[in-house]
Amino acid sequence: MAFRAFYALPVENFSTDTGQHTNAVYGFTSMLIKMIEQREPTHVAVAFDLDTPTFRTQEYAEYKGGRNKTPEEFHGQVDLIVKVMEAMQIPTVTLDGYEADDIIATLSSQAEDAGWEVMVVSGDRDAFQLITDKVTVLYPKKGISDIPPMDSAAVEAKYFVPPKRYSDLAALVGETADNLPGVPGVGPKTAAKWINLYGGVDGILENLDSIGGKVGESLRANVDSVKRNRRLNHLLRDLELPVELEHMVLQHPDRAAIEELFDALQFNTLRKRLFDLFGEEDAVRETEVNAPAHQVVSEAAALKEWLAESNQLNVALQLVAETAEGGDDAVGLALVAHARAAYVPLASLDAEAEQLLAHWLSDLDAPKIVHDFKYAYKVLSRRGFELLGVVDDTAISAYLIQPDRRSYELADLAQYHLKMSVAAPDAAASGQLELGLTEDDKAGPAVVQAFAALQLSEHFAGQLVERGANQLMGGLDLPLSLVLARMELAGIAMDAGALDRLVDDFTVTIDAASSAAFGIIGKEINLGSPKQLQAVLFDDLGLPKTKKIKTGYSTDADALNDLFAKTGNEFLVQLLTYRDATKLRQTVEGLRKTVADDGRIHTTYAQTVAATGRLSSINPNLQNIPVRSEEGRRIREAFVVGEGYETLLTADYSQIEMRIMAHLSGDEGLIEAFRSGEDLHRFVGAHIFGVAPEDVTSEMRAKVKAMSYGLVYGLSSFGLSKQLNISVDEARTLMKDYFSRFGAVRDYLRGVVDQARVDGFTSTIEGRRRYLPDLASDNRQLREMSERAALNAPIQGSAADIIKKAMLGVAQELESQGLKSRMLLQVHDELVLEVAPGEREQVEKLVRAQMGGAADLSVPLDVSVGVGANWQEAGH
DNA sequence: TCAAAGACGTA
DNA sequence: CGTACGTCTTTGAC
């Protein structure tokens with residue numbers, strides 16, 4: 001059926017961005033969903049052939065011989081189908097030495113014996129022999145959309161023999177697809193006539209001599225073929241299978257697994273169809289059954305008693321919050337410890353209970369488990385509570401175990417790891433109370449969520465140890481989330497007037513550039529529309545074609561610069577200016593919208609997004625504020641020191657990734673470069689080009705710099721040649737020279753990928769893993785992508801480890817030295833702090849010490865520091 | 001209203 | 001045919 005789907009659907013219409021073909025997977029899954037919908041089976045299983053020899057090939061080596069090679073595009077799709085079946089919780093069955101049809105025959109017989117009604121879906125006509133009054137075969141007539149049921153009557157109407165005689169007919173006629181030649185001159189009509197006359201092949205063989213004519217002779221000459229055909233096309237019904245019928249009960253799909261898989265396959269419509277089919281709204285809420293019943297605790301005495309009884313036990317805590325203007329507002333707390341649960345409504349607490357709660361929340365000796373601690377900390381802090389003593393954040397645990405998941409929502413994790421269905425905790429959006437939902441209505445789900453977090457925490461504990469992530473959790477990522485929470489709460493002050501001026505200035509540039517552009521082409525178009533631009537550039541102006549993309553030809557900055565170099569067309573200049581200025585204006589307008597009432601921007605750091613271990617910054621993203629262009633840097637001038645503070649201070653690592661490369665590879669040349677204190681790229685350039693460091697030209701230096709960084713990402717000679725605008729040969733020579741000077745770097749890079757292939761993951765210096773199963777993929781594009789990720793992950797991830805450790809050190813030192821200064825931002829290799837009056841020197845000293853000492857590498861960790869009234873000035 | 005595609009900002 | 005991100009706009013399908 002997978003093969004049928006493959007040929008029925010045009011392969012070019014079904015592939016993912018990464019180049020994996022999916023037409024067979026799509027067709028198979030789509031057909032299966034439709035089958036389930038229409039036929040409403042109670043039990044389902046899918047059988048597969050294996051690549052290994054079967055009893056048929058052993059008896060007859062030419063069996064199924066002469067077939068064309070499986071098309072390249074089909075490769076890997078069967079494995080994907082198996083994965084889809086796993087996610088749908090449908091058992092897949094294979095058996096060494098046998099074909100899928102034998103498995104089907106066996107299951108079919110078993111089910112029939114049990115008195116069940118059976119439907120066999122197969123593209124192999126041999127399945128017709130299974131048809132009885134209980135067994136129907138669905139056989140595809142054309143493609144995969146027309147799969148009519150074949151019962152006895154249908155088979156007889158088509159082949160003139162009853163189903164149980166179909167194999168006899170096939171033995172006589174032969175089967176080209178299986179490379180089984182029949183009796184020459186005997187077609188279906190003759191075969192059917194004989195079968196009906198003598199009752200089947202056995203009867204025919206007994207009466208060989210009474211069959212006259214040419215065909216009779218032909219039959220007598222090919223008796224052995226007929227006997228062999230009959231043996232081979234007979235399906236076995238008594239195999240020992242690894243599944244029982246009761247394992248085939250149709251279940252709800254594994255929601256999390258489906259989401260992950262269909263996401264990767266880009267099956268959006270199918271996912272919807274599948275979930276609709278199973279009425280996912282009605283998913284069984286197992287945890288609600290298992291979660292302990294809760295009591296509402298709002299009085300001091302009851303709270304005191306509840307907390308005392310859970311003394312020393314891990315208490316899972318789940319917030320009930322409502323969305324509000326300046327951030328979500330806490331409404332209540334669900335608490336679960338062991339088999340006990342409580343709900344604490346914040347609004348109805350008396351003063352004594354509130355104090356009791358505040359004390360417990362901030363008690364370092366009262367161990368708590370939270371899903372998304374940073375969020376809870378921030379929300380509670382707005383109510384004047386401080387949440388401390390958290391020993392596990394299940395979102396972070398899940399991330400460390402599986403750093404490339406798409407979602408770490410509690411509901412998804414519970415489904416995936418525990419097979420529990422839990423309502424998503426964000427159900428408490430504002431307005432729900434007004435819609436008649438009482439607080440009581442939310443207490444229940446929150447208790448279930450807390451219960452799920454508790455279960456997850458226990459589930460993860462062993463896995464963290466297994467994956468060597470325990471130290472990373474307790475010593476790095478979990479404590480860091482508290483540091484991040486405080487940074488987010490602090491935010492960074494903005495100069496509103498400066499933002500307004502920037503918008504005005506950029507608007508002037510935009511207007512000038514667009515009218516100039518329109519003047520040149522003689523009409524007004526939307527310069528922001530790549531589609532309209534393509535029409536102007538390649539049709540109206542007739543410029544040479546650029547890089548091909550899905551929708552035509554590229555109009556990106558690279559392509560436009562190329563075009564300008566070739567044609568000198570002034571329109572391109574105006575367009576690039578327009579693009580630059582709109583991007584900048586858009587950045588500024590975005591920032592302006594996110595300034596809070598306190599005049600500061602509070603970004604949110606996502607701690608479980610980047611698969612390498614980096615942080616990311618959202619709402620807004622403060623990790624991509626322009627810095628490279630003059631105009632862009634002006635935006636940084638709007639990030640200013642806040643009232644009551646003396647200055648901003650930035651501290652960043654110089655060339656941290658190359659230093660990590662030097663350390664991990666142990667390359668003496670590279671280590672020497674860093675120890676010498678000489679400019680890295682100059683030093684490396686001197687070695688590669690065989691000149692003195694002072695004779696390295698800026699052009700040479702630029703080449704070396706591009707290559708050094710490219711190496712960290714798995715850059716190819718093709719990529720390097722494009723980037724440096726040189727020939728591929730020249731790029732190849734450059735790389736060869738590089739590696740001959742820094743041989744240990746090459747050996748290291750090669751070793752990383754080899755090791756990752758063996759282990760299935762890469763590791764950073766702190767032991768943070770990234771799992772790369774696609775290193776074994778037979779899809780080249782996927783495999784090579786993973787190889788590049790394997791090169792990069794240990795380097796980028798180690799840099800992330802180091803700055804995270806530094807942040808913990810800085811936070812710790814600021815506190816223990818009793819300083820008022822605070823960290824505000826992290827930009828991967830840079831920290832931005834707000835320095836309180838009189839603390840500048842002390843802060844600089846401790847920041848240098850903590851950042852410089854965050855890792856013990858074989859090369860020094862260089863830190864440069866700058867101060868100023870705004871981010872631009874403080875940069876260096 | 002939503003998702004995809006294209007473009008582009010950072011390290 | 002260089003990794004890791006987030007955000008904006010246009011476009012077209014529903």
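Nearest nucleotide to the A:R628 side chain, out of C:dC5, C:dA4, B:dA11: B:dA11. Listed nucleotides: B:dG9, C:dA4, B:dA7. Nearest to the side chain of A:I549: B:dA7. The side chain of A:N621 sits closest to C:dG6 out of C:dC5, C:dG2, C:dG6. Picking from B:dT10, C:dA4, C:dG2 the nucleotide with the shortest atom distance to the side chain of A:S716 gives C:dG2. Considering only side-chain atoms of A:D829, the nucleotide from C:dT11, B:dA11, C:dT7 that sits closest is B:dA11. In the set C:dG6, B:dA11, B:dC8, the nucleotide with an atom closest to the side chain of A:A557 is B:dC8. Out of B:dG9, B:dA11, C:dG6, the shortest distance to the side chain of A:D580 is found at B:dG9. For A:T551, counting side-chain heavy atoms from C-beta on, the closest listed nucleotide (C:dA4, C:dG6, B:dA5) is B:dA5.
Counting distance only, with no hydrogens placed and no angle test, the side-chain atoms of A:R579 and the base atoms of B:dA7 include no donor-acceptor pair under 3.5 Å. Judged by distance alone, with hydrogens and angles left aside, A:Q723 brings a side-chain donor or acceptor within reach of the base of C:dG2, the pair sitting under 3.5 Å. One can find a donor-acceptor pair under 3.5 Å joining the base of B:dG9 and the side-chain atoms of A:N624.
Taking atom P on both C:dG2 and B:dA4, the two are 25 Å apart, rounded to the nearest angstrom.
Annotation: cation-pi geometry satisfied between A:K548 and A:Y553 (NZ/CZ under 6.0 angstrom from ring centroid, within 45° of ring axis). A cation-pi geometry, defined here as NZ or CZ lying under 6.0 Å from the six-membered ring centre and within 45° of its normal, holds between A:R769 and A:F761.
Residue contacts shown for A:A800 are absent, as no nucleic acid heavy atom lies under 4.0 Å away. Across all strands, A:V712 comes closer than 4.0 Å to no nucleic acid atom at all (heavy-atom distances). Base engagement by A:R614 is indicated by at least one non-hydrogen atom pair under 4.0 Å involving a base atom. Using a 4.0 Å heavy-atom cutoff across all strands shown, A:T587 reaches no nucleic acid atom at all. A:L711 comes within contact range of no nucleotide atom at all, as no heavy-atom separation falls under 4.0 Å.
What separates CD of A:Q607 from C1' of C:dA4 is a distance of 16 Å, to the nearest Å. Taking atom CG on A:D801 and atom P on B:dA11, their separation rounds to 20 Å, with Å as the unit. Between the OH atom of A:Y605 and the P atom of C:dG6 there is a distance of 13 Å, given to the nearest Å.
When the side-chain nitrogen and oxygen atoms of A:Q586 are compared with OP1 and OP2 of B:dA7, none of them lie within a distance under 4.0 Å.
Annotation: of the two residues near DNA chain C, A:Q796 and A:F718, the 5′-most nearest-nucleotide partner is A:F718.
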Please evaluate residues A:R768 and A:D477 with respect to the criterion salt bridge (charged side-chain N to carboxylate O under 4.0 Å, His left out), reporting the C-alpha separation (whole Å), side-chain torsions for both, the decisive distance (0.1 Å), and the verdict. CA-CA 11 Å; A:R768 185 187 305 276; A:D477 284 30; 3.0 Å; yes
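Note: A:Y709 and A:Y713 fail the aromatic proximity criterion, with ring centroids not under 6.0 Å apart.
Nearest heavy-atom pair across A:L527 and A:A517 is CD1-CB, 4.3 Å.
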